[in-house]
Structures are given as C-alpha cells and as structure tokens.
Amino acid sequence: MVILEIKDLTLRFGGLTAVNKVSFGIEEGSIESLIGPNGAGKTSLFNCLTGFYRAQEGDILFEGKSVMKMKPHKITTLGMARTFQNLRLFKNLTVMENVMSGMHCRASAGVAGAILRPPTQRAEEKRIRDVALECMDFVGILDKKHRLAKNLPYGDQRRVEWARALATQPKLLLLDEPAAGLNYDEKMQLVELIRRIRDERKITVFLIEHDMGLVMKVSEKIFVIDYGTKIAEGTAQEVQNNPRVIEAYLGKEEETAV
Amino acid sequence: MKEKQTCLQSASAQTATKRKNPLAQLIDRLYVLFDDKKVRYGVLAVAVVVLIYLPMKSSMYITEVMTTFWFHVVVCLGLNIIVGFAGLLSLGYAAFFAVGAYTTGIMILHYGISFWLTLPVSVLMAIIAGLAIGGPTLKLRSDYLAIVTLGFGEIIRLAARNLEITGRATGLVGIDRPTFFGIAMVRINHFYYAFLVLAIMAIFISYRLQDSRLGRAWKCIREDEDAAEAMGINVVAVRLLAFIIGSVFGALAGSFMAIKMTAISPESFLFTQSVMILLAVVLGGMGKIPGVILGAFAVVIFPEVFRGIGQYRMLIFGVVLLVLMIYRPQGLWPERHT
Ligand SMILES: Nc1ncnc2c1ncn2[C@@H]1O[C@H](COP(=O)(O)OP(=O)(O)OP(=O)(O)O)[C@@H](O)[C@H]1O
Ligand SMILES: [Mg+2]
C-alpha cells in the first residue's frame, strides 16, 4: 500500500522552478530515499510535503488524503514528522523538554487542565513523560535528558531531533540529511537506527541524504531529482547504473573541478 | 528521589568546576535550596503570614502602596503571559484594564448589578476583545501585534472619551463598592486583601501555566517557531490563547480597580501606563515569574521613594532603566547557571 503519493508536484519561486512536475509514491513500511545534487530541490520538496511551502500545482496524498492546503502542525498531527537539514532544536530547552514537545499534538490539556490539574491532566502529563523517556532511550540520549540542547555535541543534537520527531508518534518519518556532520561510527549507528525505526516501530522512513554509501545500504528504493525534475527511481543497483543519474552527478563534479 | 540527588550532585559539581563568579555560585546554591519543596513552602508560608499581618501593623500609606503593588503584580504577570511566555509584544495593555473597569463600572452604575456578577462579564469582554484583536493579527507575522495593540489602546481611550455610556471625558463617577459576605468593602485594608488574593491567584496560575503542556508550547514557539509547527504545535492558536489569558488578567484587575477608585476616566488608561507595565516585565526579566514580581515592585516603589525630588524622579528612573538594560538585558532576576 502507498502511504504517501505525490502527483505532478510543482513549486516555483518567482522564475525558479524548484520542484517540477514530480510524481512518485512511498510504500508503507519501506525505507526510501531522495537523492540529487546540491540545489536539486530535495529540501523544497520536503517542505511542500510538510506544509512549510505551498506548491502551486499537483497534489500530495497522505494515506489517501490531500495535505496540499494543510498547515504544518496539522500534517504532523496526521502522522508525518520531519527533521530539518540545519538542526532546528529548541536550543535553550533541555533535551527532555525538546522531546516532550513532540507529544504536544498527541495530548489535549488546555488552560483549565493546566490550572486545575485534574487527574486526566496528570495522567496525560505522565504519558507525555513516558513517551519522551522511551524515545530518548530509543535513540540513546536518555542519560543526557537534563542537559540543555545547545550544550550537547553535534551528534547528540542530531539524536535529539530524531527523538523529538519520533515523539510525535508518526507513521511516516521524513529525515533531511540525517547523516550530515556525523562521523563514521555515528553513521553506522544511524543506519542501524533507521532500520530499527522501521522494524520495531513500524514507521515508514523517507530520507534525503548525500552520503551515497549510507543511502545505498539502507534504502529499498531511491528517487533521484535534478533541477527539480525526477530523473530516475529504482533500487540502489538500478539507480547507480542509470546513465542520467551518472550524468547528473558527474556533470556536477566537472563543474566544481573547473 | 535518587534521580533528584544525582541531579543535585551534578549541579553542584558543575558550579564547582566553573568557580568563576562567587555571586553566580551563591545564586545557584539558592536555586538548588529552593528546589527542595519543604524549603519553598516554608518560605512561602512565612511570607503569606507576614503579608496578612502587614496592613494591621503598618501605616495607611504603606498599605496603599502595597495595594498598588499587588495590582501591578496581577497586571504584570498578565502581560508576562503575553510578552514573556508567548514572546509577543503588546503595547496597549492598559486597554484591557479599561475593558474590565468600564464593564464593571457601567454595569454597577447604570444597571445596578452586583459587582461580583460583573466579573464574569468582564472576563467575557476581555475574551471578545482579545479574539477581535489577536485573531486576525496573529495570523500575520507576530510583530504586527505590537502596532495593532498600540492602536487598540488609543481607540479604547478615545471611544471612552466620546461615548455617552462611558461618561465621556468625565468618566464614571460614584461606582458603588460591593459587600463581601456582609462586609462592606470600604477601607483600604479590604482592598489590600482583595488585591493580595488576586496577586496570589495570578502567581499560582502563572506557575501552573508555565509548567504545563501549554507552557512548554509557548517556550518552544519562543525558541523556534517553525520547529514548533513541525512538532505539531498550532502556533497561531497557542499564541492567541496566551494573548487572551493575558487580557483576562488585565480586565479582572481593571474591574477591581473600578471599585477601589469608585471613579474611572479615560485618563486612567494612558499609553504611559501600558509602557510602565511592559517596563516592569522587561526590567524584572521576561518569562521569569519572580523576576516579573520584582519588576512590578521596582516600578511601584521607585516613584514613591523618590517622591521628594518631584519631577526629576521620572528622569532618574529613565536613566536607571537605560543603564540596566545596557548592562543586564536579561532583566534583574538572575538566571540559573547549571
Ligand atoms: N525560500 C526560497 N526562496 C527562494 N528560492 C529557494 C527557497 N528555498 C529554496 N530555494 C531554491 O530552490 C532550489 C532548491 O533548493 P533546495 O534547498 O530544495 O535544494 P536541495 O536539493 O535541498 O539542496 P542541498 O542538497 O544543498 O540541501 C535552490 O536553487 C534554492 O536556491
Ligand atoms: Mg536540502
């Protein structure tokens, strides 16, 4: 079954077409990747999916329901969570508070609940804490829960972002370059983690990544875009041997070499 | 319990390794001391007893100043929910006490309704006003709120100046004071206690809100709006809620002000009043409840202490503020360092 379907999606910034008539579907329960040279439009596509950018044309169906006109918080509530390419942590909050924020959309206490603290609100707070603790444990930062996010080393900050996204209890997790800035060991742990997210938590994972080794290792299917247009899709093998993909990447390398 | 101990240990370990600023160390010690519930409630109990006895032992002047202080605690904490918790800038906060004060004043004076029954109406009016201003504005960039609230402050004042029902420029005079379980509220002590109770409620509610799902959402929005949206927080709705809660605090304080003064006029709700309250919040330390109370105290006490030097006191106050903001932009209340 397809969990996310993108149909002829087009996003323009004035004269620049960042995403050009892109169509594809993500299988439920799979791990799939989006690759492409710098500036190809990968992050822009993610931003369309999560409601941060408004695509001009096409449609995005999440579990068969159009999310084209929805606000980001609504989309997250439906079960699509994301991380950001450039870390966007709540820097001056603790790790715990960061991760607890993910549970906001799975809880409902309002003003009266906050002030009067009835048993339902207390139970909800406990549930928020429990989920946050479990998510921190899952990514391996439980021992740092009382630290401020900004004081953590980079690799741990990445983990906080993953834990925070997991705390929203998503069905589909979008990771924008999760391996950026990680060392070799951390990347290996990330591969492991992505697999555990899918296998143990039954969450579909869709990631953008520049590290080809990691992409080829972890993805069951890969989509390639260049200049906003999809140029290939298939397994790691198929994509690696696709002449258009090779051209897109080699062409880029020639440019930088000049 | 064990977790708490390790937390304390690591806290003291960190201060030990820094060992730079003895003052910062002392502050952290105090914070750790106050983490202990027994200590906190003990100090609070003593404070409440002292505050209850205060008007019986002190002069009328001190009682009057303290009553003004409690009033400011309420409105500053109300504005703190908007400015400190939700990170919005409101420049016309006095308009919300005008809403409360006039609602109560009109209902008592023109319709003879009991003061206590005017309170829910005052709350309702604040919610309507908050929705009307915040609703459309907060959908846009949050900076616009500053301008719109500034405008609202003036509109309310000008409307009050020109409408028949608000008594035009003279305002409302001779608002009846209520009775509270048979006791006529006429003496300053009665108002001292009324405002003390309001202030304690405001402090309690502020703490409860801060430490809740909503409070955490406000913190997240203040840190990073987009990331908060991505976490499923409805940024517009949550901000609007902060704006409305803050407005309700203001309106309730205004209602009580109306019966304490027995007369209100458009000039009771000047822009300078809004600025003073904003100053108290910023001066004490936005978002920090004890800081805001300290700010309220400073703003009330300063003009009293320097009454002797007449007009110059506001000038000195301005200079002191300027210096403080340059050297201590985070406000008077110290941060925790661990
Ligand atoms: N908000 C924006 N306004 C204008 N142009 C934008 C905006 N966001 C992205 N772009 C442009 O859209 C194009 C695609 O950018 P995008 O960030 O999606 O690329 P990317 O594939 O994620 O690249 P990278 O691998 O470097 O992260 C770029 O040319 C970029 O300059
Ligand atoms: Mg990108």
Side-chain angles (χ1 to χ4, degrees), chain A residues 46-47 50-52 71-84 87-94 96-117 121 124-125 128 132 143 145-151 161 164-165 167-170 174, chain B residues 3-4 6-11 14 35 81 85 87 123 127 139 201-246 248-249 287 330 335-338:
Chain A
F46 261 32
N47 282 338
T50 48
F52 283 92
K71 289 204 156 192
H73 68 87
K74 197 78 198 295
I75 296 174
T76 306
T77 311
L78 281 181
M80 198 193 309
R82 72 169 294 173
T83 64
F84 293 89
L87 280 171
R88 296 289 287 271
L89 290 178
F90 306 121
K91 292 198 187 68
N92 295 304
L93 305 190
T94 64
M96 180 80 180
E97 286 172 315
N98 266 276
V99 179
M100 280 167 83
S101 74
M103 276 295 283
H104 182 90
C105 60
R106 303 287 169 233
S108 61
V111 183
I115 296 170
L116 304 173
R117 288 200 189 156
Q121 190 266 359
E124 188 180 274
E125 284 291 301
I128 293 172
D143 53 331
K145 66 181 174 195
H146 293 305
R147 301 272 301 277
L148 291 186
K150 66 175 175 190
N151 292 341
E161 241 204 353
R164 197 175 66 168
T168 68
Q169 306 186 325
L174 306 179
Chain B
E3 185 188 309
K4 189 154 188 178
T6 51
C7 178
L8 290 186
Q9 273 166 8
S10 68
Q14 272 186 23
D35 278 343
I81 292 172
F85 286 180
V123 168
I127 293 174
K139 287 210 179 81
M201 277 168 63
I203 295 169
F204 175 77
I205 291 173
S206 291
Y207 271 112
R208 282 271 162 116
L209 285 172
Q210 176 178 267
D211 185 21
S212 74
R213 169 175 173 267
L214 265 176
R216 288 192 300 269
W218 288 327
K219 268 197 203 169
C220 293
I221 294 173
R222 237 159 53 207
E223 287 284 317
D224 187 328
E225 223 178 300
D226 288 338
E229 253 316 306
M231 288 301 102
I233 296 170
N234 185 344
V235 171
V236 174
V238 166
R239 272 196 172 140
L240 185 58
L241 209 51
F243 189 66
I244 291 173
I245 298 169
V248 168
F249 271 54
Q330 74 275 38
E335 306 273 353
R336 188 178 193 147
H337 292 266
T338 47

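Just so we're on the same page: letters track the sequence lines, and every chain starts at 1. Keep in mind that the numbers below use all heavy atoms, side chains included, and drop hydrogens, waters and symmetry copies.
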Smallest heavy-atom separation, B/R213 atom then A/A107 atom, equals NH2-O, 3.0 Å
The interface call for A/L78 against chain B, heavy-atom contacts under 4.5 Å, is neither
Looking only at A/P170, A/A165, A/A81, A/A109, most heavy-atom pairs under 4.5 Å shared with chain B are made by A/A109
Notebook entry, point to check: Should B/D211 and A/R117 count as an ion pair when the cut-off is N to O under 4.0 Å?
Noted result: yes
Cut-off 4.5 Å, heavy atoms of chain B, and the answer for A/M80 is neither
When the 4.5 angstrom heavy-atom criterion is applied to A/E124 and chain B, the contacting part is side chain
Shortest non-hydrogen pair, B/E229 vs A/T76, comes out as O-OG1, 3.9 Å
Bottom line for B/L214: the part with an atom under 4.5 Å from chain A's heavy atoms is side chain
Side chains of B/V235 and A/H73: does their closest heavy-atom pair fall under 4.5 Å? no
Practice problem: Applying salt bridge (charged side-chain N to carboxylate O under 4.0 Å, His left out), run through B/R216 and A/E125 and close with a yes or a no. | Solution: CA-CA 12 Å; B/R216 288 192 300 269; A/E125 284 291 301; 2.9 Å; yes
Among B/A228, B/G215, B/S212, B/A230, the residue with the most heavy-atom pairs under 4.5 Å to chain A is B/A230
Checked A/L93, A/N98, A/T77 vs chain B; the most non-hydrogen pairs under 4.5 Å come from A/L93
Rounding to 0.5 Å, atoms CG (A/N92) and NZ (B/K219) come to a distance of 10.0 Å
Closest non-hydrogen atoms of B/M231 and A/S101, given as atom of the first, atom of the second and distance, are CG-OG, 3.6 Å
When the 4.5 angstrom heavy-atom criterion is applied to A/T83 and chain B, the contacting part is neither
